[in-house]
Every structure is written in C-alpha cells, then in structure tokens.
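This report refers to the structure that appears directly beneath it.
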Amino acid sequence: MEPAALSTPRAADRLRVALGLASVILKADGAMVVVPQGREAARLAAEILAGARCAWAPAGGGRRPQSPGRALVRTAGLADVLDLWRDDFVCRAGAGCTLAGLAAPLAGEGMRLAASAPLPQRATLGGAFAAGDRGLRGAPGGGLREAVIGLTAVDGAGTLVKAGTRVVKNVAGYDLMRLHHGARGAFGLILDFTLKLEPLPETERALLHVAALPQALEQLARLRRPATALDPVIQAWLSAGALRALGRDGPGGLLTMAQGWEATVRAWAVAAAGEPADGLAEQARDLGFAQPQRALWRWLATPSTALGAWRAAEAALERAGADPWLVLDLQNGHGMLALDATAPVDAVHRELADLAAASAPHGGVLVADRLPHALEAALDGAGALVPPSALERRLAEAFDPQDLLPSMPRRVAGRP
C-alpha cells in the first residue's frame, strides 16, 4: 500500500493550533516539518497526522532524505536529560539528545554512555537507535542497543508505547525496545530512552596496523592474548578505499583502541606496537556520513564472510564505478559500506547482489540504509531491494494500521 498523500493545509492548520505556530514549518516545495516541544506534543502531532491521513517519518539530527508527500517529525524539541540516578548509573534522556550533547553532562558526573555513532555532534539517540548504528565500539555491551533498558515511543496512530524499566536486569514480556532498533522509524517515533551508563575510563589509546584483511586478522589474534592485559574495545578493519579517504595508503588497516587505567593501556600499546592513531577512530566512524554523494549500506557479516566475499566484491564494485569504502567491526561483524551514489545503478546493484549472495552462506546480510530517495526508487524499480518479510509487514500493520510511517530498511537482492 502506498503512503497517503500529504494533506498539508488541513494538517498544518490543526498542528499550529495544537502545538503553536513555531512548531510547524512549511517549505517552498510544499514539504512540512513538525518540531514538537515535549512528549505530549509529539504524541498529539502523531495523532493529528493520522487523523488527516498524512504520511510522516520520524527524523533526528541527520539529513534524512525527504520523500515526496511525507511530513517529517523532528526530535529537536526532545533533547533534555530528564533523570539521572547516579548511584545506579542510569539516566533517562530525550530521543533528541545528541551523543555529543549527552556526553558533556555525564562526564561531569564521571560517567559516560558506552556507545558511539557517526557524526556524534549531529547524531541523536533516537536517530542512532532507529538506524541501528553501532559506531565502532564493538566490545560486548558496547553499543547503544545494549545500553537501552527502557524507552517510550508513539506509534502511527498517536498511541504511547512504553517498554522496559530503569532496572538494569529485568524480564517483562516481549522486548519491544529491540523491535525499534534498526527499524528506521517504521514502528513510530521514539520519545525518550532509559540508559545504563558506565564510569569514565582513565585514558584511551588507538593504534593502526597497515595490512590486508587476512594479515589483520592474524595481528588481531596476537592483540587478544592475555599478555596484553586487555582486549581492545575497537577492533575494526578499514578497506584500502577507506584508508585512502583518511589520507593513508595501503591494502587496508587494522584499527584498534584500548581504554582503562593509564598503566594498563600503556602496557597494551607497547605490546601491540602499532602506529599511533588517536582520533582516527572518530574519522573512520564518520566516513560516508559526512558526504552527501555517498550512499550507505550496512553489511552484517562475520570475519570469515569478509574473507570469502569482500576481496572479489571490492574489485567488482570498483569496475562498476562505485569506489567502495568498507569499515568492518571485526568483533561484531557490523560493517559500514559506502559507495559513490552517482555510479550507474544497474551496474552497482548486480555487484551488491553478488556480495549479498556470497555473504548469505555465512549468515551475512546486506541492508540498504540512508539512501537518497531517487537512488532508492531506482534500485527498487530495478528489483535490487527485497521487500520486508511477511512477519515484518504484520508488525508494521500493528503499529501503523494506516500505513503512514516509512518502510523498514530492505535487504539487497541475493539474500535467500
């Protein structure tokens, strides 16, 4: 079912009366942006949009592509730290808080959120969670998904939905929090999160070893030996294209980072004996996201999948004119694949399908993410994107019966 056409004048008038004139922005091209101030205002905005049969999409601080006929509901008015339970290392924060904005008040309390995302000055909690971004901090429990122990959202009809509690260890029925993770707003707008925190580390240090992927995996095995005193919290491999984008040359690079007590981290750095690379992790994490001409995919693969599929795929994608970059987390297998969005669509999608097919036997999945609307439409028309599964469709219908919210990220063809 196609999303309902945007009835801008009717919905805009009702939203202005309910939320205030400043909360509704009508652009010259007829697009509408709604910025509710507070949780109840966000719920009311969703209810009004549903009543007017207006298709809408949640949006954080990034540049979400504006689909024709779809309003954007932004979380900029939901950017407060609502509660902080210092003794429990738990806080509740609005979905519009940026990761960088949240880090400052937590650091003053000697705490931090053990998660990262590309462009943390712009990445909001809600946007990073809905996009499924893990950043590069791949240690167990080191992603935003693991840090969230509760959330409040509003579905497509304007109904409040709550999940989880402020208790870190809690079992309470179906885990609705994980349903929203990576769904790109298909089940509603997230309003706030309850997050578990951790103490600030005393220091951190990053190292780079220039090496192709097989050699990088061998080096990583040596870095994980008990003699180094700790495992690096960042264990990522950068493809040759990603390395070039960072101003380095080589077949690829193993990027590692350790955090903890000063003496322990110093001993690890001496044992690892790599090139100092402080700051490179943040640059690698931001690759592709800061450049609007890049189309991004998320590649969920194991290191063995990467060995079996990436080397052939890299050459094929370069022949298709895609100039591929890959940043692959070697601990959880989450990869950020960036391609030139101006490359010929018909050539690129064949290579992506081959990469997905080669990854599938090892459990790898290639997911379209953050694509410009025109490129997504072209890929969809070419049959390069797999529609959501029947189960996902039923879930979407339960949370969005009028089909007003955006569709979920779709896998690239080639996945059985």
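Just the heavy atoms: all of them, side chains too, but no hydrogens, waters or symmetry mates, feed the values below.
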Donor-acceptor pair, side chain of Ser23 and main chain of Leu19, under 3.5 angstrom: yes
Contacts of type side chain to side chain donor-acceptor pair (under 3.5 Å), residue Thr159, not counting sequence neighbours: none
Test log, rule side chain to side chain contact (heavy atoms under 4.5 Å, CB included), inputs Asp155 and Phe187: CA-CA 6 Å; Asp155 68 12; Phe187 302 121; over 6 Å; no
With sequence neighbours excluded, residues passing salt bridge (Lys or Arg N to Asp or Glu O under 4.0 Å) with Arg244: Asp323
Smallest separation among heavy atoms of Leu136 and Ser116, with atom names: N-OG, 3.3 Å
Counterpart residues, side-chain contact (heavy atoms from CB on, under 4.5 Å), relative to Ala309 (two or more places apart): Trp299, Leu355, Ala358, Ser359
Spacing of CG belonging to Leu102 relative to SG belonging to Cys91, to within rounding of 0.5 Å: 5.5 Å
Test: Arg294 cationic atom under 6.0 Å from Trp325 six-membered ring centre, within 45° of axis: yes
Heavy-atom closest contact (Gly156 atom, Ala50 atom, distance): O-CB, 3.4 Å
Pairwise side-chain contact, Met257 with Pro232, heavy-atom cut-off 4.5 Å (strictly under): no
Gap separating the CZ atom of Arg86 from the CE atom of Met111, nearest 0.5 angstrom: 7.0 Å
Any Leu328 side-chain heavy atom under 4.5 Å of Ser239 side chain: no
All side-chain contact (heavy atoms from CB on, under 4.5 Å) counterparts of Ala398, not counting sequence neighbours: none
Sequence-distant partners of Asp380, side chain to side chain donor-acceptor pair (under 3.5 Å), two or more places apart: Arg410
Test side chain to side chain donor-acceptor pair (under 3.5 Å) applied to Gln293 - qualifying residues, sequence neighbours left out: Gln291
Leu287 vs Val327, side chain to side chain contact (heavy atoms under 4.5 Å, CB included): CA-CA, chis, key distance, verdict: CA-CA 8 Å; Leu287 272 179; Val327 181; 4.0 Å; yes
Set of residues satisfying side-chain contact (heavy atoms from CB on, under 4.5 Å) with respect to Thr203, sequence neighbours excluded: Glu262, Val265
Main-chain N/O of Trp56 paired with Arg70 side-chain donor or acceptor, under 3.5 Å: yes
Any residue meeting salt bridge (Lys or Arg N to Asp or Glu O under 4.0 Å) with Arg248, in chain and number order, not counting sequence neighbours: Glu275
Nearest-0.5 Å distance that lies between atom CG in Leu280 and atom CG in Leu243: 7.5 Å
Where Gly158 and Ala46 come nearest, the two heavy atoms and their spacing: CA-CB, 3.8 Å
Any side-chain heavy-atom pair of Val386 and Val412 under 4.5 Å: no
Test: Glu40 and Arg43 ion pair at under 4.0 Å: yes
Student check: side-chain heavy atoms of Leu375 and Val345 closer than 4.5 Å: yes
Side chains of Arg122 and Thr98 in contact at under 4.5 Å (non-hydrogen atoms): no
For His349, side-chain contact (heavy atoms from CB on, under 4.5 Å) partners two or more places apart: Leu379, Ala382, Ala384
CD on Glu198 to CG on Leu106, rounded to 0.5 Å: 11.0 Å
Pairwise side chain to side chain donor-acceptor pair (under 3.5 Å) hits with a residue in residues 204-213, at least two apart: Glu204-Gln259, His209-Gln219
Intermediate values then yes/no, side chain to side chain contact (heavy atoms under 4.5 Å, CB included), Thr194 and Val90: CA-CA 7 Å; Thr194 303; Val90 173; 3.7 Å; yes
Minimum side-chain heavy-atom gap Trp310-Leu326 below 4.5 Å: yes
Nearest heavy-atom neighbours spanning Gly60 and Arg74: O-NH1, 2.7 Å
Asp80: side chain to side chain donor-acceptor pair (under 3.5 Å) partners, not counting sequence neighbours: none
Phe129/His180 under side chain to side chain contact (heavy atoms under 4.5 Å, CB included): CA gap, chis, key distance, verdict: CA-CA 8 Å; Phe129 193 78; His180 285 272; 4.0 Å; yes
Arg92: partners by salt bridge (Lys or Arg N to Asp or Glu O under 4.0 Å), with sequence neighbours left out: Asp83, Asp192
Sub-4.5 Å side-chain heavy-atom contact between Leu217 and Trp237: no
Taking every non-hydrogen atom, the tightest pair across Ala216 and Leu254: O-CD2, 3.5 Å
Contact summary for Ile48 and Ala11, nearest pair of heavy atoms: CG2-O, 4.3 Å
Atom pair CD1/CG of Ile190 and Leu125 - distance to nearest 0.5 Å: 9.5 Å
Gap between atom CG of Leu189 and atom CG of Leu78 - 0.5 Å precision: 6.5 Å
Side chains of Leu300 and Leu366 in contact at under 4.5 Å (non-hydrogen atoms): no
Backbone N/O of His334 and side chain of Asn332: donor-acceptor pair under 3.5 Å: yes
side-chain contact (heavy atoms from CB on, under 4.5 Å) partner of Leu49, the single match among Leu44, Leu404, Leu15, Leu405: Leu15
